[in-house]
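Scroll down for the structure; my scribbles are underneath it.
Throughout, a chain's letter reflects where its sequence line sits, starting with A, and its residues are numbered from 1.
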Amino acid sequence: MPIIAPDARALTDWYGRSARDLPWRRAEFHTVYGAWGTLVSEFMLQQTPVARVIPHLEAWLDRWPTPAAQAAATPAEVVRQWANLGYPRRALWLHRAAIEIVDRHGARVPRDVESLLALPGIGDYTARAVAVFHYGDRHPVVDTNTRRVIARAMDGRSQPGPPSRRDLQRMTELLPADDADSALFNAAMMELGATVCTARTPRCEACPIALQCGWLAAGRPDTGDTRRRPARYEGSDRQTRGAVLKALRDAAGLATPMESVLPDWPDRAQRDRAIDSLIADGLVEASDGMLRLPA
DNA sequence: CACTCGTGGGT
DNA sequence: TACCCAAGAGT
């Protein structure tokens with residue numbers, strides 16, 4: 001399989017014509033909220049679809065427009081505002097990150113990747129997304145979309161394998177030398193994967209780098225999927241945790257007797273296990289047999 | 001590396 | 001209708 005790098009110019013030209021108008025791509029968004037806005041958007045976008053994030057992001061930044069404002073909130077307020085975005089630990093991590101930003105970075109979101117990586121809830125993707133999409137520095141931003149584009153165009157595979165550190169290295173080799181060009185390239189790879197080179201039904205007829213795509217050249221073969229099958233959600237502990245936390249969010253700040261949380265849940269042991277794990281994560285507080293969101 | 005951790009919309 | 005999947009991170 002000959003390795004042909006995507007044509008960066010063709011890709012960024014396409015991005016200039018076709019990019020979606022998303023809030024965090026507007027200049028005004030960066031002017032008003034600075035790196036904090038980008039950080040919040042990236043937290044929300046971790047495994048939550050763009051369309052569902054947008055209204056929550058606007059409400060969030062309206063309420064907490066700076067790291068200092070965020071740090072002054074309580075965990076209960078944060079978890080309730082997170083609502084049904086999913087993976088509510090992200091809300092706690094964002095809150096803790098804000099506190100560290102205030103305490104250790106002068107209330108300014110740090111610019112260097114190492115400092116960003118040291119904050120809770122910030123990994124390889126989010127750290128570089130902030131450094132690139134707000135600060136404009138040159139780093140490889142690798143998300144699931146980017147990995148799929150690389151897997152198809154350069155490896156001739158129908159789907160990417162599991163994430164690995166090699167992804168970062170390969171993306172680095174593709175980046176244009178100029179800072180601004182490389183930021184555009186990062187965004188364009190993600191946008192291509194999100195809107196054209198999609199997981200299920202790719203629209204190769206609309207792809208700006210179709211001529212360089214090894215997978216298309218090979219006739220779009222199904223090369224198999226090396227990713228593991230996700231555990232069943234129905235009846236899972238995750239579903240139970242979600243139901244418990246939703247009940248406590250809906251309790252509007254009042255403590256709830258432990259027995260009256262999901263009283264009709266089929267598996268009582270599973271319900272208790274979910275409560276215990278939520279307490280261990282800091283998402284729920286227990287005292288005298290009562291449960292509430294953490295103060 | 002393998003596994004956990006929510007939620008809702010699209011096909 | 002049952003999946004599939006979504007700008008990942010932590011352990």
Rounded to whole Å, please give me the gap between [atom1] in [X] and [atom2] in [N].
| X | N | atom1 | atom2 | value |
| --- | --- | --- | --- | --- |
| A:Lys246 | B:dT7 | NZ | P | 9 Å |
| A:Arg249 | B:dG6 | CZ | P | 10 Å |
| A:His56 | B:dT7 | NE2 | P | 11 Å |
| A:Arg165 | B:dC1 | CZ | C1' | 13 Å |
| A:Tyr233 | B:dG8 | OH | C1' | 10 Å |
| A:Asp276 | B:dC5 | CG | C1' | 17 Å |
| A:Asp167 | B:dC1 | CG | C1' | 14 Å |
| A:Glu234 | B:dG6 | CD | C1' | 13 Å |

Within the structure, does a side-chain N or O atom of A:Asn84 lie under 4.0 Å from either OP1 or OP2 of B:dG6?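 Answer no for this pair, as no side-chain N or O of A:Asn84 is under 4.0 Å from OP1 or OP2.
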
Residue whose closest nucleotide on DNA chain C lies nearer the 5' end, A:Asn145 versus A:Trp93: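 Counting from the 5' end, the first nearest nucleotide belongs to A:Asn145.
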
Assuming nearest nucleotide by heavy-atom distance, tell me which of A:Leu117 and A:Phe133 is located more 5' along DNA chain C.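 Between the two, 5'-proximity favours A:Phe133.
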
State, without any angle test, whether A:Ser182 and A:Asp179 hold a side-chain donor-acceptor pair at a distance under 3.5 Å.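 Side chains of A:Ser182 and A:Asp179: no pair found under 3.5 Å.
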
Checking side-chain polar atoms at under 3.5 Å, does A:Tyr125 have a donor or acceptor matched by the opposite partner on A:Glu42?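 Checked: A:Tyr125/A:Glu42 side chains pair up, N/O donor to acceptor below 3.5 Å.
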
Test salt bridge (charged side-chain N to carboxylate O under 4.0 Å, His left out) on A:Arg138 and A:Asp181 and set out the steps. CA-CA 9 Å; A:Arg138 185 176 179 277; A:Asp181 290 343; over 6 Å; no

Using the P atom as the point on both nucleotides, what is the distance between C:dA7 and B:dC5, in whole Å?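 Comparing P positions in B:dC5 and C:dA7 gives a spacing of 23 Å.
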
Taking the P atom in each of C:dT11 and B:dG6, what is the distance between them to the nearest angstrom?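 One P to the other, the span is 14 Å.
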
Boundaries of the chain A footprint along DNA chain C (any atom under 4.0 Å from a heavy atom):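 Span of nucleotides near chain A: C:dC4 to C:dG10.
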
Is a side-chain N or O of A:Thr240 found less than 3.5 angstrom from the main chain of A:Ser236, in a donor-acceptor match?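 Looks like yes, one N/O pair under 3.5 Å.
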
Distance-only donor-acceptor test, A:Arg238 side-chain atoms vs B:dG6 base atoms, 3.5 Å: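 Checked by distance alone, the answer is yes.
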
I want to check something: taking the side chain as every heavy atom from C-beta on, are A:Arg128 and A:Leu168 in contact at a cut-off of under 4.5 Å?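 The answer is yes; the side chains approach within 4.5 Å.
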
Answer with base, sugar-phosphate or nothing: what part of the nucleic acid does A:Pro120 contact at a heavy-atom distance below 4.0 Å?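 Counting heavy atoms under 4.0 Å across all strands, the contact made by A:Pro120 is with sugar-phosphate only.
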
Once you apply a heavy-atom cut-off of 4.0 Å, does A:Pro88 come out as touching a base, just sugar-phosphate, or nothing?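 Sugar-phosphate, backbone atoms only, no base.
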
According to a hydrophobic-cluster definition based on side-chain heavy atoms being under 4.5 Å apart (Ile, Leu, Val, Met, Phe, Trp, Tyr only), do A:Ile99 and A:Ile122 belong together?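 No; tracing contacts between hydrophobic side chains, which count when under 4.5 Å, never links both residues.
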
Only one of A:Tyr87, A:Trp60, A:Phe43 forms a ring pair (Phe, Tyr, Trp, His ring centres under 6.0 Å) with A:Trp82, so which one is it?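 Among A:Tyr87, A:Trp60, A:Phe43, the one meeting ring pair (Phe, Tyr, Trp, His ring centres under 6.0 Å) with A:Trp82 is A:Trp60.
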
